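To start, I am sharing the structure in question, which I have written as structure tokens.
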Amino acid sequence: MRDSVSMAVSNAGAGTRPSSALRAPSPREQGEGSTLDIAVIGGGIVGICVAAQLAETGRQVTVIDRTGICEETSSGNAAALAFSDILPLAHKGMMANVPKWLADPLGPLSIPPGYFPKLVPWLYRFWRAGNFKKFEASLAAQASMMKLAECEWMALMERSGTLPMLREDGSLELYEGDAEFQASLPGWAARDRFGIGYRHLDRAELSGYQPGLSDRFTAATFVPGWKTVSDPKDFGKAIWAHAERQGAGFVHGDVGLILPRGDTVAIQLRQGRTLSARHLVIAAGAWSHLLARQLGEKIPLETERGYNTTLPPGAFDIKRQLIFSGHGFVVTPLATGIRVGGAVELGGIHRPPNYARSKAMLEKAKQFLPGLKTGGGREWMGYRPSLPDSLPVIGRSKRNANILYAFGHGHLGLTQSAATGSLVRDLVLDQAPAIDLSPFSPQRF
């Protein structure tokens, strides 16, 4: 399974662990302090972009997060702006690989046996999302989202002064043998329909795009429009600095309860403080569906746990992001080092990390790049918030028009965050969104 954008979910969110100490705030408590204009739960890249886009219009925006800005999942992704990655995960090539991947406990896809029963309903929806009609609908929706995402990111980087952090080196997807290359062709044909540029390479051309590759790779596909950022954590914080310059504020807090009260929403923090806001945006990544459940909405979000190791600078001369799709991981050159990561572990948010998975990817990377220096790395695990059809939820709560959802971007949180911010801005301002939002409706399930 390709880890196209982020080794981790798109945004760090406020936690929602059950607690007997939580209770509905009284009217007196709700009235303490002034009422916020717009509150955004989640200080990851999606929440940051929502805040930046709204603050630029002059609205008062306050981001709430339990750890800080870009400190959790958005800090450890693969740094890619994967505008060409429009294929839903539940496509035929991926489904054909699932049995093989599950047979390897350290392979690209893992499901802990004890978690499997809880996962069955999500897996059924995921399987159904692979049928032709649903696949085509998701493909078209994803393509429209990506076109908007590229436009919005280029504009936001220009306004925020972060263009120097953008790298436009393209990506190289590598294949071991003709069978693996041939299996990729339907996906590239689907991209042809949406004008996405790429070039297939034979073995003789590979060293010109990435010296030092193992001879096991016989072909590759170069995607010139694939972009990366110098470091996702630094980039996210730079976008937040722009939002702050526009007037956005931050509250450190772990959200435990949200409660609509007429034209406002009460937001109770586990630290004992209660905030009130006229508009609320839930952009809390892998924890978002738990908050939506408090509002009576069941959104089938599952958590893909992704792993990586960031090696010191100089570990290898990586020219551009390398995608080892048959093994489910990527290698990315960052300003802060070389990041080796990906894979999917469908294991929820409570299990401890299994860093044997990051070690297995690092060992494979050493085989694929024989000169790679694997010492001195930092291991990491993060949570991708994923929905069965690979599309995020962007839209209003069914029962509360002043509560909006912006989560579930899976592997594409960084890529789609600027577009999501612009779409949420349009909804808050009662403007027509740039694309049809019906495929992203929270009520589509």
Side-chain angles (χ1 to χ4, degrees), residues 4-6 10-11 44-57 61 69-70 74 77-86 140-171 191 194-199 222-246 248 283 320-321 323 330 332-335 391-392 394 406 409-429 431-437 440:
S4 46
V5 176
S6 43
S10 53
N11 51 311
I45 192 62
V46 173
I48 292 167
C49 286
V50 168
Q53 298 268 25
L54 282 165
E56 285 176 337
T57 70
V61 187
I69 295 295
C70 213
S74 291
N77 62 62
L81 296 170
F83 303 124
S84 63
D85 196 5
I86 62 173
Q142 201 72 288
S144 70
M145 182 66 160
M146 290 302 196
K147 185 176 180 180
L148 178 64
E150 184 166 16
C151 178
E152 289 292 342
W153 258 130
M154 296 306 104
L156 181 55
M157 280 190 246
E158 179 72 34
R159 297 195 303 271
S160 61
T162 55
L163 273 173
M165 305 179 82
L166 179 68
R167 296 178 173 184
E168 300 184 83
D169 303 316
S171 67
R191 293 177 177 90
F194 296 96
I196 293 170
Y198 59 90
R199 179 169 178 250
F222 174 63
V223 181
W226 192 282
K227 300 172 174 61
T228 57
V229 297
S230 55
D231 181 89
K233 183 174 182 177
D234 292 345
F235 180 70
K237 288 184 179 293
I239 297 295
W240 173 248
H242 169 67
E244 281 191 308
R245 291 192 294 271
Q246 304 302 311
R320 52 185 50 84
Q321 188 169 82
I323 302 171
V330 304
T332 310
L334 303 176
L391 300 177
I394 303 171
H409 296 76
H411 299 245
L412 299 169
L414 175 60
T415 301
Q416 296 181 342
S417 50
T420 301
S422 72
L423 293 168
V424 170
R425 174 202 64 207
D426 291 342
L427 290 172
V428 171
L429 299 180
Q431 297 175 347
I435 62 174
D436 177 16
L437 284 182
F440 308 96

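Being a predicted model, the structure only gives us computed values, none of them experimental.
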Less than 4.5 Å apart, any side-chain heavy atom of Cys49 and any of Trp153?
yes

Are side-chain heavy atoms of Arg167 and Ser230 found at a separation under 4.5 Å?
yes

Heavy-atom nearest pair, Ala55 first then Val61, reads N-CG2, 3.8 Å

When you compare the side chain of Leu166 with that of Leu81, does any pair of heavy atoms fall below 4.5 Å?
yes

pair Leu423-Phe440: side-chain heavy atoms closer than 4.5 Å:
no

Indicate yes or no: at least one non-hydrogen side-chain atom of Ile69 is less than 4.5 angstrom from one of Glu244.
no

Counting only heavy atoms from other residues, nucleotides and ligands, does the tally under 6.0 Å from NZ of Lys237 exceed 12?
yes

How many angstroms lie between NZ in Lys227 and CG in Leu414, if you round to the nearest 0.5 Å?
12.5 Å

Does any part of the side chain of Phe194, heavy atoms only, come nearer than 4.5 Å to the side chain of Gln142, both counted from C-beta?
no

Ignoring hydrogens, what is the shortest heavy-atom contact between Arg159 and His242? Give both atom names and the distance.
O-CE1, 3.6 Å

Looking only at non-hydrogen atoms, find the nearest pair between Ala149 and Thr415 and report the distance.
CB-O, 3.4 Å

Work out which heavy atom in Gln321 is nearest to a heavy atom in Ala78; give both atom names and the distance.
NE2-O, 3.1 Å

Which atom names give the shortest non-hydrogen contact between Asp85 and Leu412, and what distance separates them?
O-CD1, 4.0 Å

Could you report the tightest heavy-atom contact between Phe83 and Gly225, atom names first, then the distance?
CD1-O, 4.3 Å

Close side-chain approach of Ile45 and Asn77, heavy atoms under 4.5 Å
no

Does some side-chain heavy atom of Met145 sit less than 4.5 Å from a side-chain heavy atom of Thr420?
yes

